[in-house]
Amino acid sequence: MSITIKFPQNEDIFLEEGKPIVVLGANGAGKTRFSVKIEELNDGKFNNWNGQEDLLIHRISAQKSLSIYDNISIQDYESSSKSLFYGDTGQYTNKINSRYKSNPATFLLDDYNKALSLLFAEENRQLQEAHAIDKNAILNGNDRPSPITTVVECATDIWNELLPQRRIDLKGNGVHAKYHNERYHGKEMSDGERVMLYMICQVLVLKPNSLLIIDEPELHIHKAIVNKLWDKLEGIRQDCVFMYITHDLTFALSRNTEKVLWIREFNGTDWSYEFLEASDYSDLPYELLYEIVGTRQKIIFVEGEKNSYDHFLYQEIFREQGYHVIPCGGCQDVVKFVKSKRAYQKLNSIEVYGIVDRDFRTDAEIASLQADGIFCLSVAEVENLFVVPGILDIIEEQLGCQEGTAQIAKEFIKILFLKNKENQIGEAFIKEINHQLTLKNFSNKKLTPKDIKEHLDVEFSIVKIQEFFEAKKQQFDAANTTDEILKIFNFKELSKKIGSKFGISGNEYPQRVINLLKRNPNDIRKKILNILSEYIPELP
């Protein structure tokens, strides 16, 4: 089954029950206010207590109280239901005033005890109905029905499955937990425990065929549990649609949804939004696509992995320039993803560039990449940025090392370079040959194998190949200064090996550079950034 939802641009959207919707967008794009508008357009009681009750839009705000009262006041089912879903409607006003006090986007919801009250009221109703059916079976001489599983028992089972070390006790219309035979009141539970029970209650008491909007569903819940919790709740309530508003990309990916709702921007009155079918962006991994649409900053794809030293360094370098840095593997991945993103017209509003290591690239290769929005460092590898001369001088000063320590480190780089030069020339030479081969375009389909062989014999004669080798050897032989060496020296462990020259461990050295960028007075940070700017490409 599906439910029809009216969206802000006055179109009808069909949402299939049992299939979640993930809402993504940058901070300030108006995601929460968008969900309020969905509620206003579709819930008949939002503005009018006498409005139709055909569709319930139940929205769980990120702004909510997690306080559990000492005593839960249990009302009849109808009163408890109205209190939770529409607010304290003693005067029968409307949902926006009764539930949200006229501030639906920012009001701090205090409905935990209402959810518990409805949970217990629903169990009372279930038990009364089961008792009537059982009694009728006895009076008519029929087989007695099997015992039912009440909504409270279901909540207990979900909790105990996810947190077997801390059992929940909901007997007697109260909330208690048990840990190592110690029983304590629900108000003493941790934020994570309380929010988990809160979500369980909200979902289990939801009316069938409803749209449940959850803002920040992962808030306070341990990452080891959050996906399992929502998997379980979605599985139980296949008669509803779950709409998640989240910034947590791991959680967004865990929903296995076929499409996401991308909120581009909000101008205070209207929204720019659309559904993105992930299958339409097959050249971009889902995680990368979600991260792209989840930020309003310009984006830089770089080599490496998240939370590595080079990732932290890039973040600090480009933080003040308004770029969001995304590591995405190797050089080929950076090139592929930048080109792929630029091919998707729907993503044109997002600026994306790439930065890759210089490696052994020629000037022609660098220019070709730059034409596609991919820029090269002025050093062989990003790790070399940690040991450029100016940074070595600052580390000597900041660590209080003996004068001349930085110079010793520079000499060490040269010694290490000379020791590895022969291998480095070989690697550069092989890469140049591979590059030259990629430049050959045999587009004439009439060429025979003999024709191609003769062409290659000319283009890759012994003399030509020797010229390629000599050119690389000359380049490496001419490198004498630290800057010249770092421009061509591919040695990833260099930034770690240099630490011993300053009396610190290898892994500690790059972290010290990061710390100086993050924590030191602005003058030191500015000095470092000014030094690094000489080696970093200038982006548009």
Side-chain angles (χ1 to χ4, degrees), residues 20-32 34-35 215-218 243-267 271-308 310-356 369-375 382 537 539-540:
I21 301 295
V22 173
V23 180
L24 298 176
N27 287 326
K31 298 184 295 298
T32 295
F34 182 91
S35 68
D215 205 340
E216 298 189 34
E218 71 285 351
M243 180 180 283
Y244 301 102
I245 301 174
T246 182
H247 290 283
D248 188 321
L249 299 182
T250 302
F251 178 79
L253 288 165
S254 75
R255 297 306 89 205
N256 295 317
T257 182
E258 297 173 358
K259 56 187 177 183
V260 297
L261 177 57
W262 177 26
I263 311 296
R264 284 201 198 92
E265 59 181 349
F266 177 54
N267 63 12
W271 291 263
S272 172
Y273 60 87
E274 69 175 293
F275 280 98
L276 296 180
E277 296 278 354
S279 59
D280 291 341
Y281 300 86
S282 56
D283 289 334
L284 294 174
Y286 287 3
E287 183 175 4
L288 199 59
L289 175 63
Y290 291 176
E291 189 164 359
I292 288 173
V293 302
T295 179
R296 63 172 63 251
Q297 294 177 299
K298 293 178 286 186
I299 291 170
I300 303 174
F301 291 154
V302 299
E303 298 180 59
E305 300 176 353
K306 285 190 175 181
N307 300 323
S308 60
D310 42 329
H311 177 210
F312 290 138
L313 184 62
Y314 274 130
Q315 282 183 317
E316 291 303 317
I317 291 172
F318 291 102
R319 174 158 56 91
E320 294 171 6
Q321 300 178 40
Y323 286 96
H324 179 61
V325 178
I326 304 178
C328 50
C331 164
Q332 295 305 317
D333 294 316
V334 173
V335 174
K336 174 186 174 182
F337 295 150
V338 171
K339 290 183 177 181
S340 296
K341 180 270 163 192
R342 293 190 166 203
Y344 296 126
Q345 293 185 357
K346 287 185 177 180
L347 304 179
N348 281 348
S349 61
I350 304 172
E351 292 186 56
V352 172
Y353 304 98
I355 294 181
V356 295
L369 286 172
Q370 188 167 326
D372 289 319
I374 301 145
F375 299 82
V382 62
L539 303 182

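We use all heavy atoms of the structure for the numbers below, so side chains are in, but hydrogens, waters and symmetry mates are not.
At a cut-off of 3.5 Å, with distance as the only test, no side-chain donor of Asp248 or Thr246 sits close to an acceptor on the other residue.
Looking at heavy atoms from C-beta onward, Trp262 lies out of side-chain contact with Leu289 at the 4.5 angstrom threshold. Under the 4.5 Å side-chain criterion, counting only non-hydrogen atoms from C-beta, Leu347 is in contact with Val293. Side-chain contact between Asn27 and His247: present, with at least one pair of heavy atoms (C-beta onward) separated by less than 4.5 Å. Pro327 places none of its side-chain heavy atoms less than 4.5 Å from the side chain of Tyr314. Side-chain contact check for Tyr244 versus Ile21: every heavy-atom pair is 4.5 Å or farther apart. Taking the side chain as every heavy atom from C-beta outward, Val335 and Asp372 never approach each other to under 4.5 Å. Here the side chains of Leu261 and Phe34 are in contact, with some heavy-atom distance below 4.5 Å.
Lys31 contributes no side-chain N or O that, together with a main-chain N or O of Ile263, makes up a donor-acceptor pair within less than 3.5 Å. Checking side-chain atoms of Trp271 against main-chain N and O of Gly30 turns up a donor-acceptor pair under 3.5 Å. Side chain of Thr257 to backbone of Pro20: a donor-acceptor contact under 3.5 angstrom is found.
Under the ring-ring contact (aromatic ring centres under 6.0 Å, His included) criterion, Tyr286 pairs with no residue at all, not counting sequence neighbours.
When all heavy atoms are compared, the tightest approach of Gln297 to Thr295 is N-OG1, 3.1 Å. Closest approach of Tyr344 to Asp280, counting heavy atoms only: CE2-O, 3.5 Å. Summarising the geometry of Ala29 relative to Phe266, their closest heavy-atom pair is O-CB, 3.2 Å, with the distance given to 0.1 Å. Residues Leu539 and Ile300 share a closest heavy-atom pair of CD1-CD1, 3.5 Å. The nearest pair of heavy atoms linking Asp283 to Ser340 is CB-OG, 3.3 Å. In this structure, Lys298 and Pro540 approach most closely via the heavy-atom pair NZ-O, 4.1 Å.
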Run the numbers on Val302 and Val382 for side-chain contact (heavy atoms from CB on, under 4.5 Å), then give the verdict.
CA-CA 10 Å; Val302 299; Val382 62; over 6 Å; no
Does Ile355 form a side-chain contact (heavy atoms from CB on, under 4.5 Å) with Phe318? I'd like the steps, not just the answer.
CA-CA 12 Å; Ile355 294 181; Phe318 291 102; 3.5 Å; yes
Show your reasoning for whether side-chain contact (heavy atoms from CB on, under 4.5 Å) applies to Lys346 and Tyr281.
CA-CA 10 Å; Lys346 287 185 177 180; Tyr281 300 86; 3.3 Å; yes
Passes side-chain contact (heavy atoms from CB on, under 4.5 Å), Ser35 versus Ile245? Steps please.
CA-CA 9 Å; Ser35 68; Ile245 301 174; 3.7 Å; yes
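Other residues, nucleotides and ligands contribute only 12 or fewer heavy atoms inside 6.0 Å of the CD atom of Glu305. Residue Gln345 qualifies as open at atom CD: its count of foreign heavy atoms under 6.0 Å is 12 or below.
Interatomic distance, Arg342 CZ to Ile374 CD1, rounded to the nearest 0.5 Å: 7.5 Å. Going from atom CG of Leu24 over to atom CD1 of Ile292 covers 12.0 Å, rounded to the nearest 0.5 Å. The line from NE2 of His324 to CD of Glu351 is 14.5 Å long, rounded to the nearest 0.5 Å.
Residue pairs meeting the salt bridge (Lys or Arg N to Asp or Glu O under 4.0 Å) criterion with at least one member in residues 319-335, sequence neighbours excluded, are Glu316-Arg319, Glu320-Arg525.
A side chain to side chain contact (heavy atoms under 4.5 Å, CB included) with Glu291 is found for exactly one of Ile299, Leu284, Leu249, namely Leu249.
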